[in-house]
Amino acid sequence: MTTRSFIARPDGPGYHGIYVHHDGVPSHRLPLLLAAYQGRFNRDVDAMARHLVDDVIVGWDELGSDLLDGTPPAIVAFLTGGEQWSSRTLDHLITPDGSPPEQMTVTADSETHQDLQWGYVLHPHGIEVINLMYDVDGPIVGWDTDPRTKFSNNTAYWVPNGPVPVTALPPTPLPPTTARATALPQADAARPATRR
């Protein structure tokens, strides 16, 4: 679904980011970013911002399940339903005069002219979610938030300094990736099998 958004890093009092064309609503974007931070980027927000913002030539068409590399399989399955798709950039764009496309940067000054709906700023302590229909800043979703949390897409709930609008808490904690074998009680283990 086309919901135009951006991903950015803080830049002084504002931010500097890159355009993302598809799936910009919080219920889709936040779980993907949280899981990517906790898994693929090993909790390194600078590495994540370099990959998602700095190293992009033009912009993102779509962020894919490849961002979930290194994420526990149960979380990947929960977020993707088992589907896999690659992130795609907008490097294939053709301009009317045939010149190379320019990078689709977004700043606090430019976003009002770009018809964007949501913004995600990657701060050291969490993701600031900006509802661009009404505000220039927004609440912070902490990096330790469970990626399986269900977030609201209702723009009226995403207000600066307000609580993070959650529609459902994550399911019960995931079981550990390796389960210990349970030993039989000593009395049962020593008892011989009955012959018939």
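Residue numbers start at 1 and run along the sequence shown.
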Residues [X] and [Y]: side-chain donor-acceptor under 3.5 angstrom:
| X | Y | result |
| --- | --- | --- |
| D66 | S86 | no |
| S99 | D97 | yes |
| Q84 | T80 | no |

Atom [atom1] of [X] with >12 non-hydrogen neighbours under 6.0 angstrom:
| X | atom1 | answer |
| --- | --- | --- |
| F78 | CZ | yes |
| N161 | CG | no |
| Q114 | CD | yes |
| L93 | CG | yes |

State whether D23 and R29 are salt-bridged, where the test is any N-O pair (Lys NZ or Arg NE/NH1/NH2 against Asp/Glu carboxylate O) under 4.0 Å. no
Quick one, [X] and [Y] - any side-chain contact, counting heavy atoms below 4.5 Å?
| X | Y | value |
| --- | --- | --- |
| H16 | T105 | yes |
| P10 | V121 | yes |
| W85 | E62 | yes |
| W118 | L132 | no |
| I140 | I127 | no |
| R43 | D144 | yes |
| W143 | Y37 | yes |
| H51 | R40 | yes |

Which pair of heavy atoms, one from [X] and one from [Y], lies closest together, and at what distance?
| X | Y | answer |
| --- | --- | --- |
| S5 | G24 | OG-CA, 3.6 Å |
| V20 | L63 | CG1-CG, 4.3 Å |
| Y157 | S152 | CD1-OG, 3.5 Å |
| G14 | A108 | CA-CB, 4.4 Å |
| R9 | V53 | N-CG2, 4.4 Å |
| P139 | V159 | CD-O, 3.2 Å |

Cluster link [X] to [Y], ILVMFWY, side chain under 4.5 Å:
| X | Y | value |
| --- | --- | --- |
| Y15 | V56 | no |
| L52 | L34 | yes |
| L122 | V25 | yes |

Does S87 offer a backbone N or O that forms a donor-acceptor pair with the side chain of W60 under 3.5 Å? no
Quick check against the 3.5 Å criterion: does N131 have a side-chain atom that pairs as donor or acceptor with the backbone of T155? yes
Verify side chain to side chain donor-acceptor pair (under 3.5 Å) between T107 and D109, making sure each step is shown before the conclusion. CA-CA 5 Å; T107 66; D109 295 328; 4.8 Å; no
Sole candidate of T145, T149, V141 that passes side chain to side chain contact (heavy atoms under 4.5 Å, CB included) when paired with V166: T149
